[in-house]
Every structure is written in structure tokens, then in C-alpha cells.
Undergrad: 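What follows is a single structure, and I will ask about it in a moment.
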Amino acid sequence: MGKPSDLVQGTLDLLVLKTLSLEPKHGWAIAKRIQQITNEVLQVQQGSLYPALHRLEQQGWIRAKWSETETGRQAKFYSLTAAGRVQLEREMESWSRLSTAINLVVEGA
Amino acid sequence: MRILEQIRMSILMLFRRRSQAARLDEELQFHLDQQMKENIARGMTPLQARSAAMRSFGNPTLLRDQARSHWIWNGMEKLLRDLRYGARTLARSPGFTVVSILVLVLGIGATTSLFTIVRAVLLKPLPFADPDKLVMIYEHFREATSGDGFNVVAAGDFREWRQQTHGFQDMAAYRNYGFNLTGEHSELPEVVQAGAGSWNLLSVLGVQPALGRAFMPEEDQPEANHVAMLSWSLFQRRFSGDASVLGKQIHLDSTPYTIVGVLPAWFVYPDAHIQVWVPYAQTFPPDIYDMHDTHQSYVIARLRPDVSAAAAIKEVSAVQYRLHLANASKAVAEDAVIRPMIDDVVQNVKTPLIVLLCSVGCMLLIACLNVSNLLVARAAARRKEVAVRGALGGSRLTLIREQMTESLLICFVGGALGVLLSLLATSWLAGHWQALPRAESIHVDGTVLAFSIGLVFVTALLAGLVPAISSTGEGVLAALQESSRSIGGSASRAMLRKTMLTAEIALTVVLLVSAGLLFKSFLHLRTADLGCITDRVLTVQYGLPDKQYDTREKVLAFHQSLLERVRRLPGVRAAALVSTPPGGGYEGDRIFTIPEHPSSSFSLQNDALNRTADPQYFTVMQIPLIRGRFFTDHERLMNDRFIIISRKFEEQFFAGDNPIGRHVRVNWGGKLDNYEIIGVVGDTLYDVTEPVKATMYFPILSGIPTETGSAAIVARSTGDPVALSIPIQQQVAALDPALPVYDVLTMQQILGKSTASQSFSATLLVAFATLSLVLAGVGLYGVLSYLVTQRVVEIGIRIALGAQRGEVLRLVLLDGLRPVFIGLAIGLAGGAVAGILIRSILYGTSAFDPVVLIAMVGCLLLTAVLACILPAIRASRIEPIQALRTE
């Protein structure tokens, strides 16, 4: 349970974008944040997180910047671009449509 | 906005790729450090923390590759890497690389060149308006036994067709003609080939003159004003492109013609030799213009969009049949037949071109198989490396791609150089191929380049895919376990190589047989006996214009004084006059009857070539007298009712009967009369590529202007005959300064001219076949050397156990020759098929010529044995101790 392969297809992008919508974060923090918020249900593995981050960056949804962490180390901080915010809206919308539909089936049947 | 962001990223990823890679490492390291920090915070020792972090992190290299795989330009990066690897591996074995590239340069270069020519000559539409609608109409004699059934058209027939049928938009005619061109002032005279075209010829073709206008209907009449159109080349050459030439006059056969137009530069129909055009009707005496049994014209028609070709020609045929019935005793054809104009233009070169294209295709295929074979050998040497890489996680696709890159690299370099080669080769071929129609339209363009690029890819696939697939597919363990001591482990790969080798040999045999047949047929032509002496003989042609030489006396006077002058020249052993020397072409024939054979009425079979000759001609040319006598000086002027016939004539029409004193009734000099046969002479060929035809000789001393005005002086020399050409021309000029000479050729040159295109295609095909033979030899040698290397240990053991060296030699030799024999059998079958397909361009050579077959099989076997003997000897000299030590 909670392995990345269990994540519904395509939801990792949504999770990453949503996590970044509050403030810029580096990869480690993104993984931690998703873990904390879901009470350790979802654990994002490095093997999928970094490819996803790089893909989102190449697509122009997020943007990376090197800056110092609280401990004074250089780290790569990702933040949402304007296009990324629009994309986040779109993904959230389609997610809520999908989850509502699934809920209807699960509860109605 | 997003676009901008993406552009920024792609620029960043393109130019800062290395620093981005370093950043990625840092990013992952940061993650790992964070994980370790957390683990320490949980109370682990630093060492434990580190290994736990590593465990949860996974394979960092793989992770990095996965992240990188999302970068922009990733595909290109991979390609570059493959190219770098490929170039490096190739550079490590320069011998292999150079040989393969050379092989492909030749293969791709030759194929591209031939394709360029085939496309321009056979496939490109003719340069006329809507060329698919253009057809040629010919007459067809139902009982004709020779020729291809497409007979040139009589002027009378053409005119009837045009008037009475409506199935075609329009119909035009032209005939070949010749003039002596002289200027108004004392410019040098020259003989020009002319076209006589009906007034609507250009409009049927859809061509506009570059300057001036085409002929008018009223100019296309026998008695109309003389007008002419110049070809662009004559316009440039003789009138230096001066447009004011329009409306001026040129003298053709001493008659003034007004220049009304100039044809565009690209217009070289029917061929580039035509220098000037005159109206069709003006080249006929009025009676012949109406005749239905004097054939000389080519008819071009344009199909109507609403009438099918079959329906249109049916109507013409019906008219022709009525004409045939109305002229029952004359040579008037029964039918009219049709063929597309493009077929008409290329008919003589179609088969040789396709044969050549097929043979270069074969050669390229052989080259591919060879490169493929060499790559398989390399793959075999690297199978452990490949297996290890497969075991370490290299995907099969990556490995195949890497090997494909190698063959792609070879093919690209080979292809690029090949295209360069073909640029040179194409213009050389187009320039040296005698009588190649449409040679002016041959040039390399986009389509040709696309073709060669396609060719390179296909070649690379063929050459690379088989070895790549075969070498990557096997189990890792099998490859790793196989030590060099195991015997027969590589049997399947040896099988693959031998199969390819068999195919290579089979293709080579097909090429060799075709080349051998063509070459033998060419030799047959070259050594063909014309029936007369060909050594040290010069021929000089001239034509006396009817206008000045209008009586028998004037013509005779010129001929006689010229003969006397030439015979007195130093270096001339003997000289004589003839209308057309042997080998000089068909020129003309007459239909005749034999009054002593009362049954014989008109028959198409009763026709013979007509020639005129002077009394000494046969002696000078060493044409033997079989019975009767030659002409004497008494058969001259009006005393001219005598003819000499050829042996073929006698056999054909006087079988078992003595022809001397018999008569031939024939239309000569404009009237039908009986001619007494006074002699029979040996046969001569009018064209070395054609069978003997019955010939009759009339006395040239009759001086009939229309029949004897055109003559060739044949002079035998004591030394080099070419040295006589200027003195003889000077004698002609001394007699008539305005009379040009043409076709100044030695008999050897006449022979060479008529065999030039056969010589060309035979030489090319022999070159291709030889190259293929060398390739096959190299391939055979390569395979066998490889097999011997593979079996060093085995052979060492055999020798150590007491095998005789002779036995080893035999073993290896047989191993190498087995695919040769199988390939030979397949190839001979293929060669037989090829022989039948090229039968139409073979002369005096059967498609199954035993000499050619034996010679070619011998050639191949000799090459094969030579290629096999070296590895076999090497195998038999293997020292057991050394062999067992090698691992």
C-alpha cells in the first residue's frame, strides 16, 4: 500500500503541482510534504519523483531555482509557473470529476 | 507564456547540458544527504544511516538516467552517442571500414547514375504539351517477315488519313532529309541533316518557336515559296544568335529558303542532329507526294480526350485498308498501327538500360551482402562483449541500434561519396553513350537525390539488420559459456554466413552469364564479316544538288573527274564510287518483279536494297565475283539497263536457276523498266547488327541525277587512310567549291559506329560483373578465413591426433566450396532466365551459349578456388602446440 505504482495513473503530477502551489520546495521537501499530509499513506519514491519533476520542468509547468535551505545548503527549489497554475486548475478539475464518478459507482452500487 | 518557458528550457538543455547534468547529480546527492540526516536523527550510526539511505534510494545511476530520459534533446543525445561509438569501433578496424565503404561507393554510385539516366530517358514525360496524348502511327504489312511490324508511312497515306478520319485532334508528319547548306557569300559549305515537317507539326506537339513563326498551311505545298526554321544550335553556331536573321535567306541545295522561325534550344526532336526544318510537302516531287507505296514519313497524332486510342486507330486502319484494295498491285499496307510516342523514342535503349539498371542493382545487393557478411564476422568476434552488456541491463533494442548505427555510418559515408561519384559518372555516361535519346534531359535533381537517400537507408537496413538481430538474440549464458575450445558452437552463424554467400555467388553467376552473353554478342559484331575489305579504306560522302547537276552528263562528268583526281593522289592505291558503302546503313530498297518468272506478281517479299556502283567498285572493295561479269565503262549514260545482284538475291529469287541474262523489272530513275542481270557478287552487310539482305547494284555511270547524285568515294590507301581525308576533300572543293563532304570515315570507324552502343553496354556490364566477381571472392575469402580462425583449436587437435595435412586442406576447401556449388546451380538457372530476357539485344549468340556458360563457370570456380585456397593452406599449416595454447 502506498507504493508509487499504486498511485492512480497521472496523479503524481497533480500531487507535485498542488504541493508546489503554496511555496517553492526542493525534491526532498515535496516527497516529505506528500507523505506528511497523507499520513504516510502515499510515499513518493525517488525513482518516480525526480523523473516527474524533470518532465514537468521541461514542459514548462514548473521552474527550478538554486537557493539556500534553512541549513545553508544549496538545493534545487521548484516553483509553479503561471502556466503551471492553469495546468493545476485543469488537473484538479479533472481529478474531482474522476473521483466524483468513482464515488458514485462505489457508493451507489 | 508556456511557449517562452519551453523555449528557455530547450535552449538551456541544449547549451548548458553538461552543467545541467552536474546539477542533477547535486540534486540527487542532496536528497540522499537529507535521508541520511533523517536516519541519524532517528538514532542510527552514520554508517547505518548511509546504507539505509542508499537502500531506500535505489540505484543512483539508473535514477539519474530515468530523470534524464525526460530531458529535451534526449533522442538526439542518444543518436550522437551511438554515432560516436560507431565511429570509434569502425576506426579501430580501418581495413574493414575502407573496404566496405569503397564497395558501397561503387554500388550506390553506379545505381544512382543508372537510375538518373533511366528516369530521364524512360520515365520522364516528353517535353511536349500533354505528352501522354501523343502517339505515333505506322503502317503494318500483314505478310511482312522482317522488321517489327511498324513501317514508316507513305506521304499519300498520311494525307488520306488526315483528311478522312476524325478520331484524332490532329495528325502531323515529318521525314528525315538532308541538304547542302551554303551561305549567300562564300561561307564554308556544310551538309546539314534536316527535318521536313508538316505545317501543323509544332502545334500538334504543343511547341512554340523561340523566334518568328511556324510554317503556314499554304507554305506546306509542293510548289510553295521556300521557307525554313532553324534549330537553336544552327542559329547560334552559324548566325551567332542574331535575331535579325529572320526574313533573310539561306541556301539549301543551292535553293534560297527564307528563314521564318527559330526553334527553342530544348527542342531536339527527333534527335539533336536535325539542324534545319523545311515544310514537309516541299521535299517531295509532286507524284511521290500522292503515292501510297513510297514509304518515308513518321506520323505523330494527338488523341482526342473523348475518343479512345483503339477507336481512333480503327478508323485510320479502315481508311488504310480501302487504300490497300484500291492499289492492289502496289506495296500499300493493309493496316495502321499505333504506339505511344515515348515508347517510340526510347525503343532502342529500353532493354539495354533496364539490363544495366538490373545489373547495378545486383551489384549493390552483392555489396550489401558482403558488408553484411563482414559485419556478422565482427559481431561474432564481439559476442561476449554483447552478451556481457546484455547481462548488465543493456536493452536488446539499444544493442541492435548500436550495431545498426555502425552499418548506417558505413552506408552514409559510402552513400555520400557514391552520390558524388554518380554526379561524375552520370555526365560521363550520358556523354559517351552513342545515340542515347533524350540525353539532354539527364541531370541530377531532387527525385534522384531522394532516391539515393532511400537507397542508402535500404542498404544500411539490409547490411546491418541481419547481423544485428542475429548477434543480440542469443542467451547470455550460452555466449559466455562458449569457450574457443568448443566445437561447432557457432554453427548457426556459420550457416547464416554461408547462406548469404550462396546468394552472393548466385547473383554473381547471373551477372557473369549476362555479361558474357552480351560480350560475346559484341565480339560477334566486331568480328562480323562485312563481306568486303575493311582495312585501310577511307569513305567520303557527297551529294550533288539536283539544281545544278540536272543532267546525266553533268553528274557523270563530276563523278568521273573526281575519280580520276583521287586515283592520281599519292598514297591512294585504288578508288571507286558507290552510293552507300557496306555497313553504311539501309538507305533504300526497291520492289521488283522478274519477267522470266511469269507467276510472280507483286509481292512484298520481292524487295532488295538498291545501290549504285562504278565498274571498279567490287575489285577495289574485294567483293568477289561469283558468276557473270562486273560493269564496264560502256554501261554509262543511256546505256544503263544492266544490274549486278548479290548472292543472297540469287538464292532468294533464282533458286537453282542461272540468273545471268534474266531481267529484273523495277522502277529506276522515275520509270519502270527491265534491267538485265550481268553478274552475281558476294554479299555485304548494310548493318552488322542486321542479317544479310538481297541487294541489286545499278551502274553509277548512268548519271541519273535523282538516283546517282549521292555517292561515296571509297579509297584504299597505302598507309593510314585518315591521312587521305584532307587531300580528297581538296579535290572535291577544286571541282565544286560549294559542295560539302560528310561522313568522312574509315571502314573501321563505320564498323565501330554501328557497334558503339553494343560495345558500351557490353563493356559496362562486363565491368559490373567483374566487380561482383571480386566482391564475391572477397566475401568467400572472408567467410572461410573466419571459419578457420574459429576452428584453429579443433584443427590443431585433429592434427595432433594424426590427421594428414592434405586431409585438413581438403576439409577446409570443401567447406568453402559447398556454398559456391549451390550458388552456382541457382545462378545458372537465373542466368538462363536472364539470357532469355535479354535475347532481343543479343546478336548471333544463343541465350544458352555453351562457350559463354563454360567460360563464366570456369571464371567463377577459379576465383572461388583462389579465395578458398589461402585459408585452407593456412589451416593445414596450423601447429598443434600453438593451436592448443591459444585461448
Side-chain angles (χ1 to χ4, degrees), chain A residues 2-5 12-13 16-17 24-36 40 43-90, chain B residues 1-17 19-42 49-50 52-77 393:
Chain A
K3 283 181 188 150
S5 58
L12 181 59
D13 287 5
V16 170
L17 290 177
K25 287 185 185 62
H26 47 70
W28 168 258
I30 294 170
K32 275 283 139 197
R33 171 94 185 144
I34 293 174
Q35 213 172 325
Q36 278 166 10
E40 315 264 323
Q43 295 199 6
V44 183
Q45 292 291 325
Q46 295 84 330
S48 28
L49 176 64
Y50 284 96
L53 283 171
H54 279 250
R55 189 180 61 245
L56 291 172
E57 188 188 4
Q58 306 279 329
Q59 284 172 345
W61 306 133
I62 60 176
R63 178 173 212 168
K65 199 177 161 209
W66 285 80
S67 42
E68 279 190 9
T69 62
E70 309 93 75
T71 54
R73 245 192 95 159
Q74 285 283 322
K76 193 177 180 188
F77 282 81
Y78 294 94
S79 58
L80 273 192
T81 61
R85 282 189 194 286
V86 179
Q87 175 70 6
L88 175 58
E89 294 293 321
R90 233 176 298 159
Chain B
M1 269 313 283
R2 187 178 158 217
I3 304 281
L4 284 182
E5 191 68 21
Q6 279 175 326
I7 291 172
R8 190 185 71 91
M9 278 314 287
S10 48
I11 292 172
L12 191 69
M13 295 325 281
L14 185 61
F15 295 107
R16 308 284 305 277
R17 208 171 181 83
S19 75
Q20 287 295 319
R23 285 276 163 103
L24 174 59
D25 285 345
E26 262 176 70
E27 188 181 7
L28 295 177
Q29 187 61 45
F30 175 76
H31 191 108
L32 199 60
D33 289 349
Q34 291 295 97
Q35 184 74 54
M36 270 160 60
K37 232 193 262 171
E38 194 185 81
N39 289 351
I40 291 171
R42 281 194 192 146
R50 192 182 157 72
M54 290 290 268
R55 216 166 27 243
S56 75
F57 196 73
N59 183 345
T61 321
L62 191 63
L63 191 53
R64 194 179 59 203
D65 280 353
Q66 280 169 351
R68 273 187 82 131
S69 71
H70 290 285
W71 287 8
I72 304 172
W73 310 114
N74 188 53
M76 191 142 95
E77 193 183 19

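Since the structure is predicted, the reported quantities are computational estimates derived from the model, not experimental observations. Sequence lines set the chain letters: A, B, ... in the order given, protein chains first and strands last, and positions in each chain run from 1.
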Undergrad: Should the heavy atoms of other residues, nucleotides or ligands under 6.0 Å from CZ of A:Arg33 be counted, would the total exceed 12?
TA: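 Open: at most 12 neighbouring heavy atoms sit under 6.0 Å from CZ of A:Arg33.
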
Undergrad: At their closest point, which heavy atom of B:Asn39 faces which heavy atom of B:Ala49, and how far apart are they?
TA: ND2-O, 3.2 Å

Undergrad: With a 4.5 angstrom heavy-atom cut-off, which part of B:Arg23 approaches chain A: side chain, backbone, both or neither?
TA: both

Undergrad: With only heavy atoms counted, which part of B:Leu28 is less than 4.5 Å from chain A, the side chain, the backbone, both or neither?
TA: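 The answer is the side chain of B:Leu28.
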
Undergrad: Measure the shortest side-chain to side-chain distance between A:Val86 and A:Arg90 over non-hydrogen atoms and say whether it is less than 4.5 angstrom.
TA: yes

Undergrad: Measure distances from B:Glu38 to the heavy atoms of chain A and classify the residue's part below 4.5 Å as side chain, backbone, both or neither.
TA: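 Looking at B:Glu38, just its side chain touches chain A.
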
Undergrad: Tell me, side chain or backbone of A:Gln87 under 4.5 Å from chain B's heavy atoms, or both, or neither?
TA: neither

Undergrad: Report which part of A:Arg73 has an atom under 4.5 Å of a heavy atom belonging to chain B: side chain, backbone, both, or neither.
TA: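 Contact with chain B involves the side chain of A:Arg73 alone.
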
Undergrad: Would you say CZ of B:Arg50 has more than 12 non-hydrogen atoms from neighbouring residues, nucleotides or ligands within 6.0 angstrom?
TA: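 Counting other residues, nucleotides and ligands, CZ of B:Arg50 stays at 12 neighbours or fewer.
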
Undergrad: What's the verdict on side chain to side chain contact (heavy atoms under 4.5 Å, CB included) for B:Gln34 and A:Lys32, showing C-alpha distance, side-chain angles and the deciding distance?
TA: CA-CA 11 Å; B:Gln34 291 295 97; A:Lys32 275 283 139 197; over 6 Å; no

